J.: 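I have a structure here, written as structure tokens, and I will follow up with some questions on it.
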Amino acid sequence: MNLARLDLNLVVALRALLEERNVTRAGQRVGLSQPAMSAALARLRRHFDDDLLARVGGHYELTALGQVLLDRTSTAYDVLERLFSSQADFDPASENREFRLLASDYAVAVFGTELARVVHAEAPGIRLRLTQTPPTVVDDTATLLSATDGLLMPHGVISGFPATDLYDDRWVFVVARDHPGVGGGLTRRDLARLPWVTYQRTYDAPAVRQLGMLGIEPRVEISVDNFQLLPLMVAGTRRIALIQARLARMLAPIAAVRVVEPPYEAVPLREALWWHPVHTHDAAHIWLRETAARVGASLPRTAED
């Protein structure tokens with residue numbers, strides 16, 4: 001395919017048509033008349049050799065190819081938008097733009113809040129959009145990173161992309177403050193016999209893999225997709241949960257739980273900001289990465305109990 005022969009404006013039209021599934025509304029969305037949008041649809045149909053939109057009764061539905069193109073077009077649009085908004089110089093005090101970061105609720109709580117405070121003070125025109133990391137991050141990392149400004153994630157889950165380290169953390173357990181079966185600490189036997197609350201996604205894979213290597217198979221009673229729910233699901237029960245120390249200490253007073261050290265040497269946890277190489281030399285992204293690294297370095301160290 002010769003990209004030089006393609007009209008990239010058709011990406012804008014294609015996205016509007018696939019999302020609106022209506023020629024008139026798609027035209028209104030991108031500022032084109034109905035005849036002009038109909039002409040764009042005709043060109044797209046010739047290019048893909050597919051109707052893309054098929055009339056069913058009184059409305060249009062996406063064809064099989066149109067459905068495939070729906071997500072790809074959105075990603076391509078985001079990539080093009082970020083490509084053509086790249087800057088040689090960036091003045092945070094006067095710029096007005098939005099950065100989108102993918103992050104878990106844990107990363108937002110212990111790092112994102114402080115990053116937002118610093119950005120608010122130093123760059124009042126900058127907006128941050130912190131979006132939950134999707135489950136597909138491990139399988140489709142390149143596509144996700146190409147359509148966003150960065151990903152907050154610990155080392156050991158993805159690789160092959162540039163990253164800057166932010167801060168260190170460690171894994172601890174939380175138990176109910178008045179847990180009847182846990183005294184001064186947990187034993188490996190406790191980890192096998194007590195019910196667990198676990199984080200159901202794979203972002204904490206190194207910690208989970210370590211349990212398997214130690215021969216520990218958690219008896220999972222509850223699984224959630226939010227780290228901050230773990231202490232709440234532990235409070236007032238016999239359950240235990242593996243959680244990051246920074247978050248555990250933040251939530252322990254609220255959730256009526258206490259922090260207990262693992263009965264083994266837990267794998268370290270180093271949070272990093274990952275990005276797509278296309279952003280490496282962009283001035284705005286350099287500022288974002290440097291600011292994130294500075295904020296991460298300013299966080300207090302996690303003290304041992």
Side-chain angles (χ1 to χ4, degrees), residues 15 18-19 70-86 92 95-120 123-167 169 199-205 223-230 243-244 246-247 250-251 269-280 282 284-293 295-296 299:
R15 183 189 188 191
L18 295 179
E19 292 182 354
L70 181 61
D71 291 336
R72 294 182 180 180
T73 302
S74 179
T75 299
Y77 183 92
D78 288 342
V79 171
L80 288 172
E81 188 174 50
R82 293 175 190 283
L83 174 64
F84 286 101
S85 65
S86 299
E95 294 286 347
N96 189 324
R97 65 165 291 171
E98 179 179 271
F99 289 104
R100 181 186 175 209
L101 297 174
L102 301 176
S104 67
D105 66 288
Y106 151 72
V108 173
V110 305
F111 172 78
T113 51
E114 183 62 16
L115 177 64
R117 187 192 66 79
V118 171
V119 170
H120 174 75
I126 300 302
R127 302 176 305 282
L128 296 176
R129 182 188 297 182
L130 299 166
T131 304
Q132 180 74 28
T133 308
T136 56
V137 63
V138 176
D139 303 319
D140 200 14
T141 308
T143 299
L144 285 172
L145 287 181
S146 67
T148 191
D149 293 300
L151 167 67
L152 300 178
M153 178 166 285
H155 286 277
V157 181
I158 64 172
S159 61
F161 295 90
T164 185
D165 291 342
L166 300 177
Y167 60 89
D169 206 341
Y199 184 68
Q200 64 188 225
R201 303 195 185 193
T202 58
Y203 311 152
D204 56 348
S223 179
V224 296
D225 65 354
N226 186 300
F227 281 112
Q228 295 184 56
L229 290 178
L230 294 175
I243 190 173
Q244 304 89 342
R246 292 180 185 273
L247 185 60
M250 182 184 298
L251 298 178
L269 192 162
R270 175 163 292 179
E271 191 78 2
L273 171 61
W274 305 79
W275 69 91
H276 195 282
V278 71
H279 301 316
T280 297
D282 177 59
H285 282 267
I286 292 173
W287 172 83
L288 176 66
R289 299 193 301 266
E290 290 178 346
T291 302
V295 170
L299 296 181

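Predicted model only: the values in this text are computed from it and were never measured. Numbers here are sequence positions counted from 1.
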J.: Could you check if a side-chain atom of Trp275 sits within less than 4.5 angstrom of a side-chain atom of Thr164, using non-hydrogen atoms only?
T.: yes

J.: Heavy-atom distance under 4.5 Å between the side chains of Asp169 and Glu271, does that happen here?
T.: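 Answer no - side chains too far apart.
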
J.: Considering non-hydrogen atoms only, spot the tightest contact between Leu166 and Ala272 and give its length.
T.: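 Result for this residue pair: CD1-C, 3.8 Å.
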
J.: Ignoring hydrogens, what is the shortest heavy-atom contact between Asn226 and Asp105? Give both atom names and the distance.
T.: OD1-OD2, 2.8 Å

J.: Can you confirm whether Pro92 sits close enough to Val119 that some side-chain heavy atom of one is under 4.5 Å from a side-chain heavy atom of the other?
T.: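 Heavy-atom side-chain distance check fails, nothing below 4.5 Å.
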
J.: Mark yes or no for whether Ser104, through its side chain, and Ala107, through its backbone, hold a donor-acceptor pair below 3.5 Å.
T.: yes

J.: Between Ala109 and Gln228, what is the shortest heavy-atom contact and its length?
T.: CB-NE2, 3.8 Å

J.: For a quick test of reading the model, state the closest non-hydrogen atom pair linking Phe111 to Gly296 and the distance between them.
T.: CE1-N, 3.6 Å

J.: Should we say atom CZ of Arg129 is surrounded by more than 12 heavy atoms from elsewhere, each under 6.0 Å from it?
T.: no

J.: Check the side chains of His285 and Asp149 for a donor-acceptor pair under 3.5 angstrom, ignoring hydrogens and angles.
T.: yes

J.: If you define the side chain from C-beta out and look only at heavy atoms, does anything of Val137 sit under 4.5 Å from Met153?
T.: yes

J.: What's the separation between atom OG1 in Thr73 and atom CZ in Arg15, rounded to the nearest 0.5 Å?
T.: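 Between atom OG1 of Thr73 and atom CZ of Arg15 there are 9.0 Å.
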
J.: Scan Asp139, Val138, Thr133, Thr136 and name whichever one has a side chain to side chain contact (heavy atoms under 4.5 Å, CB included) with Leu144.
T.: Thr136

J.: Sub-3.5 Å donor-acceptor pair from the side chain of His276 to the main-chain atoms of Thr148, do we have one?
T.: no

J.: Within a strict 4.5 Å, meaning less than it, do heavy atoms of the Leu128 and Glu98 side chains meet?
T.: no

J.: Working to the nearest 0.5 angstrom, can you tell me the gap between Leu230 CG and Gln244 CD?
T.: 8.0 Å

J.: Heavy-atom distance under 4.5 Å between the side chains of Tyr167 and Arg246, does that happen here?
T.: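 Yes, close enough: below the 4.5 Å cut-off.
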
J.: Test side chain to side chain contact (heavy atoms under 4.5 Å, CB included) on Ile126 and Arg97 and set out the steps.
T.: CA-CA 5 Å; Ile126 300 302; Arg97 65 165 291 171; 3.7 Å; yes

J.: As an exercise, state the distance from OH of Tyr106 to CG of Leu152, rounded to the nearest 0.5 Å.
T.: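 Those atoms lie 10.0 Å apart.
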
J.: Applying the side chain to side chain contact (heavy atoms under 4.5 Å, CB included) criterion to Leu101, which one of Leu151, Leu115, Val108 satisfies it?
T.: Leu115

J.: Minimum heavy-atom separation for His279 to Leu145, with atom names?
T.: NE2-O, 3.9 Å

J.: At their closest point, which heavy atom of Trp274 faces which heavy atom of Ser159, and how far apart are they?
T.: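 Between these two residues, the closest heavy atoms are CZ3-CA, 4.4 Å.
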
